[in-house]
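Here is the structure we will look at, set down as structure tokens.
The residues of the chain are indexed from 1 along the displayed sequence.
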Amino acid sequence: MKVRGLDTDAFELALAPIADRDVYDALLGATVPDDFDAAGFVVRGTARSLGDPDRRLAPGERLGRASTAVLCSRDGTVASALRVNDDEPLVQVVSETTSPEAGVGRLLDVLRRSLGLATPAPLAPVHTVSDNLWLHRVLQAAVGTAHVDRSTVDALRPRLPATWTDLRWQCGDGSWPELEVDPELARWMDEGMFARVCLGAFADPLEVTVELSELLAPDVWSHLVARLATRRTDPLSGAGNLAPRVR
């Protein structure tokens, strides 16, 4: 939904149903026209408990029907309302000035970007995605037919650029297809959203490392772990193999 005239007595509300796509896919890459003051969505589903010993609720226990409405204005203020069954809705309003890091999540990221707003900054350095990609490459080689030794591990190490900005621009130019970020969408995202999309595409690195301990020879696995531990001082962890884009 899009809203126009928030600061007036009467406002215009434009609604668009989402057919077979979820909210994220529907908003991904979208741009809300400048003459609309806000954008948001309404979703329905099932509310489940996160766990509450005092109320003897187990994690995942069904609480009932839930309706959630979220609205983001062009100044970055986010208002949300959650109603479970017929209870009074829980309303929350968060502004960028009072809590700039509040409400981090894929739906809020895509909503903010549809309005041309910045998303919260990346919480992890860019070498984190480099480590994830490296582990992914080694795992693919280990489960395949290739013999993986120390030299193979070193050869598979990616040379990503030193900043999220440069990595996003390189993906926008069509580089790093392994990250599975469409070039046009990489240009539409900002650094915060881009970082979360990249990191969210990989399996838990600890689980991958444990899996590799069963697939690699002990000395090869130890070599990989040692190289990961020294990534911040290793020359390969900083400079990329592609020149940063000049802007």
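W176 places none of its side-chain heavy atoms less than 4.5 Å from the side chain of C198. In this structure, D190 and R113 have side chains that are in contact, with non-hydrogen atoms separated by less than 4.5 Å. Counting heavy atoms from C-beta outward, L215 and L139 have side chains that approach closer than 4.5 Å. Inter-residue side-chain proximity for W134 and L224 is flagged as met; some heavy-atom pair is nearer than 4.5 Å. Looking only at side-chain heavy atoms (C-beta outward), R44 and R65 stay at 4.5 Å or farther from each other. At a threshold of 4.5 Å between non-hydrogen side-chain atoms, the residues E211 and E207 do not count as touching. Using a 4.5 Å heavy-atom cutoff, the side chains of P205 and T128 are not in contact. Using a 4.5 Å heavy-atom threshold, the side chains of N132 and L135 count as separate.
For D86, the CG atom counts as loosely surrounded, since its 6.0 Å shell holds 12 or fewer non-hydrogen atoms of other residues, nucleotides or ligands.
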Checklist entry - Does the pair Q92 and V78 meet the rule for a side chain to side chain contact (heavy atoms under 4.5 Å, CB included), with working shown? => result CA-CA 8 Å; Q92 182 180 33; V78 176; over 6 Å; no
Item to check | Residue pair T119, R196: steps toward the side-chain hydrogen bond (donor to acceptor under 3.5 Å, both in side chains) verdict | outcome: CA-CA 10 Å; T119 68; R196 286 182 284 278; 3.1 Å; yes
Next on the checklist: Pair E180, V197 - check side chain to side chain contact (heavy atoms under 4.5 Å, CB included), show working.
Outcome noted: CA-CA 9 Å; E180 298 184 355; V197 168; over 6 Å; no
Item to check | From CA spacing to verdict: side-chain hydrogen bond (donor to acceptor under 3.5 Å, both in side chains), D219, S222 | outcome: CA-CA 5 Å; D219 66 308; S222 297; over 6 Å; no
Next on the checklist: Set out, in order, the CA-CA distance, both residues' side-chain angles and the distance that settles side-chain hydrogen bond (donor to acceptor under 3.5 Å, both in side chains) for T77 and D75, then state yes or no.
Outcome noted: CA-CA 6 Å; T77 301; D75 67 2; 3.0 Å; yes
Next on the checklist: One pair to check against side chain to side chain contact (heavy atoms under 4.5 Å, CB included): V129 and W164. What are the steps and the verdict?
Outcome noted: CA-CA 10 Å; V129 74; W164 284 113; 3.8 Å; yes
Next on the checklist: Determine whether V181 and M189 satisfy the following criterion, side chain to side chain contact (heavy atoms under 4.5 Å, CB included), listing intermediate values before the conclusion.
Outcome noted: CA-CA 10 Å; V181 179; M189 298 174 188; 4.2 Å; yes
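Contact detail for V93 and A79: the closest heavy-atom pair is CG2-CB, 4.1 Å. Residues A142 and L216 share a closest heavy-atom pair of CB-CD2, 4.0 Å. Across S73 and L115, no two heavy atoms sit closer than the pair O-CD1, 4.1 Å. Scanning all heavy atoms of the two residues, the minimum distance from A203 to V208 falls at CB-CG2, 3.9 Å. Contact detail for R112 and C72: the closest heavy-atom pair is CG-SG, 4.2 Å. Between V32 and R74, the shortest heavy-atom distance links the atoms O-NH2, 3.1 Å.
Going from atom OG of S114 over to atom CZ of F41 covers 10.0 Å, rounded to the nearest 0.5 Å. Of the inter-residue distances, the one linking L82 atom CG with L90 atom CG reads 6.0 Å to the nearest 0.5 angstrom. With rounding to the nearest 0.5 angstrom, the CH2 atom of W188 is 11.5 Å from the CG atom of D182. One finds the CG atom of L108 at 6.5 Å from the CG atom of L111 (value rounded to the nearest 0.5 Å). Here C171 contributes atom SG and E178 contributes atom CD; the two are 10.5 Å apart, rounded to the nearest 0.5 Å. For the atom pair L185 CG and L28 CG, the distance stands at 4.5 Å (nearest 0.5 Å).
Side chain of S130 to main chain of V126: no donor-acceptor pair is present (N/O by atom type, distance under 3.5 Å, no hydrogens or angles). Here the side chain of N85 pairs no donor or acceptor atom with the backbone of D87 at under 3.5 angstrom. Although no hydrogens or angles enter the test, the distance criterion places no donor-acceptor pair under 3.5 Å between the side chain of W169 and the main chain of A186.
Between R83 and E88 there is no salt bridge, since no side-chain nitrogen of the basic residue lies less than 4.0 Å from a carboxylate oxygen of the acidic one.
Side-chain N/O atoms of D166 and T163 include a donor and acceptor closer than 3.5 Å. Side-chain atoms of D149 and T152 form a donor-acceptor pair, as typed in the model, at a separation below 3.5 Å.
F194 does not carry R168 over the face of its six-membered ring by the limits of under 6.0 Å from the centre and within 45° of the normal.
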